There are 2 protein chains.
Amino acid sequence: MLRGMSRWEPDAASRLMKAATELFDEQGYDATTVAEIAERAGLTKRTFFRHYADKREVLFNGSGQLERCWLEGIEAAPADAEPLAAVAAGFDPVAEMFAERHAFARVRSRIVQANPELQERELIKLHKLAGVVKGALLRRGVPEHAATLAAHVGLAVFSVAFGHWVEQNDPARLRALFDESLAQMRSVTSA
Amino acid sequence: MLRGMSRWEPDAASRLMKAATELFDEQGYDATTVAEIAERAGLTKRTFFRHYADKREVLFNGSGQLERCWLEGIEAAPADAEPLAAVAAGFDPVAEMFAERHAFARVRSRIVQANPELQERELIKLHKLAGVVKGALLRRGVPEHAATLAAHVGLAVFSVAFGHWVEQNDPARLRALFDESLAQMRSVTSA
DNA sequence: CTGGTGCATGACACCAAGTGACATCACCTC
DNA sequence: GAGGTGATGTCACTTGGTGTCATGCACCAG
């Protein structure tokens, strides 16, 4: 079933994402139609919407994997770790996951920053991510308010570091940037 | 020019907002078309889009006024106030502004919570609001990172209190809820 | 009073996002 | 080889959103 499907080229979703990213980068998000994306991927508009709920979603497929990575790291943290330390434990697998995607992350970030609709989607994905992180803290026994706060602070740390990472040209530095951003956050909150 | 325009009923924008809110409340956001809204307001679809950039924006007109209120309060704070205290100084005029809009805020909140598109718009408006608050702190001489953090923390305090306010039935309690939420935030961050 | 200008709206055509319904055709199973 | 499954194509349709031109009242100049 996964092998030997000769009727269609494999990995339709990946081809659509690749085609979409290229076109958004070449001519902008607004100027690119779904029909164009599908055509470049050798598919039809209708098939695009079978793989992605809407035109924006093609750029936000990785968010599920980011969630899983982060959760995995939090759950691997020692049971007696402070809430923010547990959140930060998720930075290890997350940095590893992004290590080989620096080039793509740069292009993607440029596309998103250039379009308000995409920024809206980015914000709601991050909001959902904060909710998931909060849930992991609640399961560790962290009280409600502390979990909410730690999750949002952790997300701010992540966002700042990630933003710096895509602006620089050192793919391997993400882990270090997480630590720097976290240290800044600690120094500011302790003041 | 503002008076005596007898050709059209006045306050087209207000009528459109009222019609939209009613229809969204009666039959849901998705099930309501822009043509319906315009018809109930005695206007046409084209005129709706002359007053609001898109269908969602009709529910987010007040955000500019919220910004101005909050800024006004921050700028009225004593020059030596701590960053978070300056942010909290904005809660006074904000609570006053919302005092007579509790009923509308409840309906509006229910509509937004029921629709992901509207939540996206809400999040980006809050994000923009955080940027404005941060700017006010920078003008007070607060350093970059502290301003970013204080703005986001202040926004979290606002969101939590506002969320409780629309769930309860005591329009006058908003100011007290701001204080309670702020106190909780302080106790959590100092732990 | 007359004619011109400005401005909000109406009317109409159009594009693109997104959806529902049905057809197609390779592959798998029995 | 008969039938089921699943991903895709085809087509018609609704709706958000925009460009363009026409309309008609208010206001102003003379």
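Predicted model only: the values in this text are computed from it and were never measured. Worth knowing before you read on, the calculation uses all heavy atoms, side chains too, and leaves out hydrogens, waters and symmetry mates.
Under the rule for a side-chain contact (heavy atoms from CB on, under 4.5 Å), the partners of A:E167 that lie at least two apart in sequence or sit in another chain are A:H164. With sequence neighbours left out, A:F60 forms a ring pair (Phe, Tyr, Trp, His ring centres under 6.0 Å) with no residue at all. Residues meeting the side chain to side chain donor-acceptor pair (under 3.5 Å) test with A:E22, sequence neighbours left out: A:K18, A:R40. Scanning for side chain to side chain donor-acceptor pair (under 3.5 Å) contacts around B:K55 gives an empty result, with sequence neighbours left out.
Taking Ile, Leu, Val, Met, Phe, Trp and Tyr as members and joining any whose side-chain heavy atoms lie under 4.5 Å apart, directly or through other members, the hydrophobic cluster of B:L71 also contains B:V132.
Atom-to-atom, CG of A:L43 to C1' of D:dT10 comes out at 14 Å; the value is rounded to the nearest Å. One interatomic measurement links the two molecules: CG of A:L118 to C1' of C:dA17, which rounds to 14 Å at whole-angstrom precision. Protein atom CD of A:Q27 is 14 Å distant from nucleotide atom C1' of C:dA16, rounded to whole Å.
For A:F98 and A:F162, the ring centers sit closer than 6.0 Å to each other.
Regarding contacts with the backbone of D:dA7, every side-chain N or O of A:H51 stays at 4.0 angstrom or more from both OP1 and OP2. For A:T47, no side-chain nitrogen or oxygen approaches OP1 or OP2 of D:dT8 to under 4.0 Å. For the OP1/OP2 pair of D:dG9 and a distance below 4.0 Å, the side-chain nitrogens and oxygens of A:T44 include at least one atom meeting the criterion.
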| said: Please encode protein proximity along nucleotides 11-20 of chain D as a string of B, S and -, counting only heavy-atom distances under 4.0 Å. | reply: ----SBBBBB
